[in-house]
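Structure first, commentary second.
Residue numbers count from 1 along this sequence. Worth saying up front: this structure is predicted, and the values here are computed from it rather than measured. No hydrogens, no waters, no symmetry mates; every other heavy atom, side chains included, goes into these values.
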Amino acid sequence: PTIDGDTTWTINPATGVVNGAPQVVTVSPVKDAMVKFAAPTSNFGTSNQLQVSNQTNFQKQVFLQFNITTAQVPTGSTVTGATLLVASQSNSSGLVNAKAVGNTTWTESGTGGITWNTKPAIGVTLGTGDSSHSAGVDSTWNVTSHITASGNYTIGLDTTNAGDINFHSREASDVNNRPLLQITFQR
């Protein structure tokens, strides 16, 4: 059933809850970092660059964490879409995968900061992103299957590409180039 004259509002007949039009919220990461096989005990959590590569002995992976509050996605909402946006630092090509990461307790930098040796396990592929990356343009990944409600979520990025693919981190000097998570939900 809908509210008379407005098809964007529906009433759930089982619960009687009024569901409104989709809402979109954009969330910034609370931490991000890259890790490097060739520097297994080094931390890059304060770098303005995030790199992925699968070059033998020079592999690199990226981790981003988002803390989604109930003020951003209220309790009882249904997440209908979640897109990760990360701006490229340079023109490059190569498929980059967004993957679920169950561990949200990793540390971005400083004492105990994430390194190749301490990185959390990367899980299932959530989405394959753009295979062509343009400087200053967001590459995107559909991560809806991982983002289900408010809470803490870590997303990992990796690639099968042997060359470096470079992205801006949350420390980028231009705020327009910082990573974001765009969430669509309905109440």
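- In this structure, the side chains of Phe63 and Trp106 come closer than 4.5 Å at one or more pairs of heavy atoms.
- Distance CG/Leu50 to OG/Ser169: 5.0 Å, rounded to 0.5 Å.
- Checking each of Leu181, Leu85, Leu157 against Trp141 for a side chain to side chain contact (heavy atoms under 4.5 Å, CB included) leaves exactly one that passes, namely Leu157.
- Side-chain contact of Thr105 with Asn103: a donor-acceptor pair under 3.5 Å is present, judged by distance alone.
- Checked by atom type, the side-chain pair His133/Ser92 shows no donor-acceptor distance below 3.5 Å.
- For the 3.5 Å distance criterion, the side chains of Gln89 and Gln49 qualify, holding a donor opposite an acceptor.
- No side-chain heavy atom of Lys99 sits under 4.5 Å from any side-chain heavy atom of Val124.
- When atom types are taken as modelled, the side chain of Thr144 and the backbone of Ala82 share a donor-acceptor pair closer than 3.5 angstrom.
- Remark: the backbone N or O of Asn57 is paired with a side-chain donor or acceptor of Gln59 at under 3.5 angstrom.
- Remark: Phe167 CZ to Met34 CE distance equals 12.5 Å, nearest 0.5 Å.
- A side chain to side chain contact (heavy atoms under 4.5 Å, CB included) with Phe66 is found for exactly one of Ile183, Leu180, Ile155, namely Ile155.
- The closest side-chain donor-acceptor pair between Thr154 and Gln65 falls under 3.5 angstrom.
- Using a distance-only test at 3.5 Å, with no hydrogens or angles considered, a donor-acceptor pair links the side chain of Ser53 to the main chain of Ala162.
- Thr115 and Asn117 form no side-chain donor-acceptor contact under 3.5 Å, judged by distance and modelled atom types alone.
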